[in-house]
Amino acid sequence: MTEILKISGLDKRFTLHTQDGAEIDVFRDAGLVLNTGQALAVTGASGMGKSTFLKMVYGTYKADAGEILIRHDDQWIDMAKAPPRHVIAIREKTIGYVSQFLRVIPRIPALDIVAEPMLDRGMDEDVARIRAGELLARLNIPEHLWRLSPLTFSGGEQQRVNIARGFAAPSPLMLLDEPTASLDRKNRETVWAMINEARDAGSAILGVYHNEEDRNAVCTGTFDLTEFRGAA
Amino acid sequence: MMIDDKPLLRVEGLTMRYGSFAACNDINFDLYPGEVLGIVGESGSGKTSLLKCLAGDLEPDEGQIIYTQANGIEKPMADLTEAERRLLARTEWAFVRQHPRDGLRMGVSAGANIGERLMATGARHYGNIRTTATDWLGKVEIDDDRIDDLPQTFSGGMQQRLQIARNLVTGPRLVLMDEPTGGLDVSVQARLLDLVRSLVRQLNLSVILVTHDLAVARLLSTRLMVMQRGQVVEQGLTDQILEDPQAPYSQLLVSSVLQV
């Protein structure tokens, strides 16, 4: 087990300039250490900033203070300060982010959406397509839909395409934001298996889950954000 | 770390005035190979003036634009001779304009519009030029039996795709785009965006894209720069600017988009 993520002194506030400069103090001085092969569930009541925490690790949300050190190519890099092109390079190789929402691009077929992260990492095109098909089949997306843009798919189907994409080439650090929310039992169990396979293969996983059953199925521990609650 | 390449373009303290009015005020940024930088802001914010300075259509009053040529020479634009500029404009730079008629030669055929730029970079063999032109028409989804037709006979969307083919055929290193999907139907826009997106990836293009459409910026850019009244109020990763904007104006811009 080696450390892959070290967070310390992390503060997050939102200042809403368009709403009279209202300030929302989300959390203060948050910290954690995550190792490869470990899966932590971020817990805390609704509004405690669980998704915010994941988005900060991914670089989508800015940090007001603190550092988010990620081991990338055997170097520690602070995501809170890395310039955009470094963040992009780190995302390509080291961090994967999977939410329940698919960002559909018009005219791109489901199979290509799933194959894309594999192609980005230099996998052979035929191999990537075969693996993409296997993932879609595993998540019960009927084969006649693979050639279509998910624009017209149901919400659940889009969500499963997004999961297939997210797990097509699991990253050393996987951030999962309620990946199983609103899936039926059978598909949830498939996603649990995919998360556990990624962890067995050495990925570190930081996730927000809908319920305790999900947490018990895929996590080795919890990280409670409540301890770091900001002033109201 | 893994990225120690040199910027393709460095813009330092660029200011451009119309009389006493500063259309661009102290703009600073770097563009690295393979980056797509979106410049967003309302009309009148100075984004097109900035693009015109970069294209050499306007002279900045202060500051400099330093471009690293394919041969590794790094030179301020202002120090290039007119001949050097013309050569770079034909070989290493491309400018896709908002109105296709500003970027196409309307009096010559579609094939000639593409072939002209190839010839300007030294291609001489007619057969090869025609084959490349046909190939590019295919890439931008124009039927190859339209190769001898004048652009005037094309729809707006086709003209824009032809302009893209004409600009990209010589494999430029730096592509400037001014509202490339402005004025097109939404259905045509989607097709064009998909095309630009795949070409950017295939050819590893460095692009500066001016748009007022945040959805276009999100789809194509890796990085965004928000302009207001001639100044850059915020720059950063595209998803960060759109999901956690910091500057008051960026927040206003993002929150003003209607949800569909």
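This is a predicted model, so every value here is computed, not measured.
Checking A:K12, A:K55, A:K62 one by one against B:D244, the side-chain hydrogen bond (donor to acceptor under 3.5 Å, both in side chains) holds for a single residue, A:K12.
Looking at heavy atoms from C-beta onward, B:L195 lies out of side-chain contact with A:R107 at the 4.5 angstrom threshold. The shortest distance between side-chain heavy atoms of B:D194 and A:I108 falls below 4.5 Å.
Around CG of A:D20, the count of heavy atoms belonging to other residues, nucleotides or ligands within 6.0 Å does not exceed 12. Remark: A:K93 NZ is loosely packed, at most 12 non-hydrogen atoms of other residues, nucleotides or ligands lying under 6.0 Å away. The neighbour count for B:R146 CZ, taken as heavy atoms of other residues, nucleotides or ligands under 6.0 Å away, is above 12.
Ion pairing between a basic and an acidic side chain is recognised when a charged N comes within 4.0 Å of a carboxylate O; B:D239 and A:R103 show no such pairing.
Atom OG1 of B:T222 sits about 4.5 Å away from atom CD1 of A:I88, to the nearest 0.5 Å. Separating the OG1 atom in A:T60 from the CD1 atom in B:I241 is a distance of 11.5 Å, to the nearest 0.5 Å. Taken to the nearest 0.5 Å, the CD atom of B:E243 stands 10.5 Å off from the OG1 atom of A:T52. The CZ atom of A:F14 lies 9.0 Å from the CD atom of B:Q246; values are rounded to the nearest 0.5 Å. Here the straight-line distance linking atom OH of A:Y61 with atom CG of B:L237 works out to 14.0 Å at 0.5 Å rounding.
By number of non-hydrogen pairs under 4.5 angstrom with chain A, the leading residue of B:R218, B:R223, B:E35 is B:R218.
When heavy atoms are compared at a cutoff of 4.5 Å, B:L219 approaches chain A solely by way of its side chain, counted from C-beta outward. Contact of A:Q19 with chain B is not made at all, since no heavy-atom distance falls under 4.5 Å. B:Q235 does not touch chain A: none of its heavy atoms, backbone or side chain, sits under 4.5 Å away.
In this structure, A:H17 and B:Q251 approach most closely via the heavy-atom pair N-OE1, 2.7 Å.
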